[in-house]
Amino acid sequence: MSTTTAPISGLARLLVQHGRLAEADIEAIHGNAGDGKTSFIEQLIQSRKMTGKEVAEFSSQAFGYPLLDLDQIDDTYIPQGVLDPKLMSAQRIVPLFKRGTRLFIGISDITNLQALEEVRFQTGQQIEPIVVEDGKLLVLQAKLIEASGSSLKDLQVNDADLELQGGDDEQPQQDVATIEVDDAPVVKYIQKILLDAIKAEASDIHFEPYEKFYRIRYRQDGILREVAQPPLAIKEKIASRIKVISKLDISEKRVPQDGRMKLVLSRTRAIDFRVSTLPTLHGEKICIRILDPTSATLGIDALGYDADQKEHLLNAINRPYGMVLVTGPTGSGKTVSLYTCLNLLNVPGTNISTAEDPAEINLPGVNQVNVNEKAGLTFAVALKAFLRQDPDVIMVGEIRDLETADIAIKAAQTGHMVFSTLHTNDAPTTLTRLLNMGVAPFNVASSVIMITAQRLGRRLCAACKQPVDIPHEALLDAGFKESDLDGSWTPYKPVGCDTCKGTGYKGRVGIYQVMPISDEMNRIIMKNGTAIDIADQARQEGVRDLRRSGLLKVKQGVTSLEEIMAITNE
């Protein structure tokens, strides 16, 4: 039985001729790339026969074209708008610089003559190709597409790019063609709002109808800012369009609904959105939470744990069994913290299962279950099923009732590592909250091994922050000790510049209270001690509360004193 093999390209043929690869290897790689979804070079690098750097160096020498390391180029000087983003993505190219009528482009496959011809035809310029590494090209390409507002609009994201996820299969299905939500202005407007929010690094988008106006706000660095006031007349079309692409029932406007959607930005990056609708007096308010999967892979160092807190946390999550609880209000970063821990434990030999409402971040290698109260799939039901699936690590999105708490605690007592969240103000009150739920003191003492309370504080903009002179008494009133005020550090204040859009802050940092449960704390729990007793014991053992952890960030120049005063209690 004969099989048809794809013709071997110029690069592949040269690799064989120069003895860099065997012909059988080339044919196998060519076969994998034959589906058209991945390029030959991408498959070559994935096969680990050659690295991206080796491929680029070989191409440069074999074909006589210059080689450039994209890490050494300042992307702010790259010409904007010279290439259509669709062409850049489809042909794997990036513009580098322009001199007169000559346009220098970066390309990883120098034998892709069609790409060079298309660029020449589109731009009318003389094309000068430069060989670059494939992986670095894709990273720069995604950055350029996201960085340019005009380029983002040129992408013209359509329903094929907005992949529908989630939704309730039991909901009535509508014929989208019969719904008047497809007029181009509304579609493009929503696409621009989503893309601008990603570019602005917003965490949430709020669509809010009122009696006489309609507004859209972004939550950036924890603060809501108004970005637009579209005409009140299109509020229904905006709501219907968002509900359609989120697989929600557009005919139901009387009860809240939850859905999901995905936006594919480039070959290397996709963003998930969690959509929540709420009937209000003047129409449906819609909140879209932006879920960037890369946030779970940033690593524990990026979250803001101090060295001793990080050590305590790593010691706890690497224990063979027990319960680790993360507490804090909505929007305090609990999910990212938990997923960072799961990512550290996510190895081929570990079986990890999560029950969430809903799953916010998709993590390959983790078995994620969406809780569905209507269908009877509660946290407790999911937990019982997990225990029949031979798990090593279990994550419960939230402990809301005694049944869920009991099953989670029994799992922690029988050789499983359990992660979960609770809504409490600090770590000591979490233990008493479990007791108030009805969990027996012995079960709490024998299962919980660590509690982490957290808040998110705004990070001072490194480009414009300035030292500030704060009176000695004010620092003492804030919680600093006399020994802290030794003159070895300087507090900073926000100023405002173009980098931070005038706010003085850019990004956020975690403020943590990491409390390992000691034997003495367990004795207090067994004696039905109060949260105050546990807090006093934690203080004696050197556990910093949220205010002390925040003041340490002030000493390090990471944030301002007023920010810490605003988000923590003394």
Which residues pass the side-chain hydrogen bond (donor to acceptor under 3.5 Å, both in side chains) test with [X], sequence neighbours left out?
X: T559; result: none
X: N318; result: none
X: Q556; result: none

With [X], which residues qualify under side chain to side chain contact (heavy atoms under 4.5 Å, CB included), at least two apart?
X: T350; answer: V347, I352, D392, V393
X: D71; answer: D69, K136
X: E226; answer: R215, R217, Q229
X: I107; answer: I93, I110, N112, A115, L116, P129

Could you tell me if the side chain of [Y] sits less than 4.5 Å from the side chain of [X], heavy atoms only?
X: K262; Y: I271; answer: no
X: E117; Y: Q114; answer: no
X: C341; Y: L313; answer: yes
X: M50; Y: L15; answer: yes
X: V366; Y: T354; answer: yes
X: F273; Y: I198; answer: yes
X: D258; Y: S276; answer: yes
X: L140; Y: V132; answer: no

How long is the gap from [atom1] on [X] to [atom2] on [Y], to the nearest 0.5 Å?
X: I130; Y: L67; atom1: CD1; atom2: CG; answer: 9.5 Å
X: I190; Y: L195; atom1: CD1; atom2: CG; answer: 12.0 Å
X: Y505; Y: S560; atom1: OH; atom2: OG; answer: 2.5 Å
X: E311; Y: D306; atom1: CD; atom2: CG; answer: 12.5 Å
X: R120; Y: I105; atom1: CZ; atom2: CD1; answer: 12.0 Å
X: I216; Y: I205; atom1: CD1; atom2: CD1; answer: 8.5 Å

Can you check whether [Y]'s main-chain N or O pairs, donor with acceptor, with [X]'s side chain at less than 3.5 Å?
X: E54; Y: T51; answer: yes
X: R219; Y: G222; answer: yes
X: K555; Y: G550; answer: no
X: N351; Y: D390; answer: yes
X: S246; Y: L248; answer: no
X: D221; Y: A202; answer: no
X: N343; Y: Y339; answer: no

Which heavy atom of [X] sits nearest a heavy atom of [Y], and at what distance?
X: C464; Y: C500; result: SG-SG, 3.8 Å
X: K493; Y: L460; result: C-CD2, 3.8 Å
X: I78; Y: P95; result: CG2-O, 3.2 Å
X: G333; Y: L456; result: N-CD1, 4.0 Å
X: G457; Y: I567; result: CA-CD1, 3.7 Å
X: G397; Y: S420; result: C-OG, 4.4 Å

Problem - Residue pairs involving residues 44-63 (criterion ring-ring contact (aromatic ring centres under 6.0 Å, His included); sequence neighbours excluded) - result: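 Output for this query lists H18-F58.
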Handout entry: Working for salt bridge (Lys or Arg N to Asp or Glu O under 4.0 Å), residues D134 and R92
Key = CA-CA 8 Å; D134 192 67; R92 248 178 162 80; 2.9 Å; yes
Using ring pair (Phe, Tyr, Trp, His ring centres under 6.0 Å) as the criterion, list what pairs up with [X], not counting sequence neighbours.
X: Y218; result: none
X: Y512; result: Y305
X: F97; result: F104

Practice task
Before accepting this row, confirm whether a basic side-chain N of the pair K310/D301 lies closer than 4.0 Å to the acidic partner's carboxylate O.
Solution key: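 Judged by the 4.0 Å cut-off on N to carboxylate O distance, K310 and D301 do form a salt bridge.
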Problem - Carboxylate-amine/guanidinium contact E563 R458, below 4.0 Å - result: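 Looking at E563 and R458, the cut-off is met.
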Does the side chain of [X] pick up a donor-acceptor pair with the side chain of [Y] at under 3.5 Å?
X: Q454; Y: S337; result: yes
X: Q309; Y: S549; result: yes
X: E128; Y: Q126; result: yes
X: Q220; Y: E201; result: no

Practice task
For residues 345-359, pull every pair meeting salt bridge (Lys or Arg N to Asp or Glu O under 4.0 Å), keeping only residues two or more places apart or in separate chains.
Solution key: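 Qualifying pairs, neighbours excluded: D357-R400.
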Handout entry: R459 and K506: CA distance, side-chain angles, deciding distance, side-chain contact (heavy atoms from CB on, under 4.5 Å) verdict
Key = CA-CA 6 Å; R459 191 188 291 268; K506 187 163 179 62; over 6 Å; no
Handout entry: side-chain contact (heavy atoms from CB on, under 4.5 Å) assessment of K465 paired with V495
Key = CA-CA 6 Å; K465 67 178 182 179; V495 177; 5.8 Å; no
Handout entry: Step-by-step side-chain contact (heavy atoms from CB on, under 4.5 Å) determination, M395 to L338
Key = CA-CA 8 Å; M395 189 188 96; L338 282 174; 3.8 Å; yes
Problem - Stepwise side-chain contact (heavy atoms from CB on, under 4.5 Å) check, L561 with Y492 - result: CA-CA 8 Å; L561 181 60; Y492 287 86; over 6 Å; no
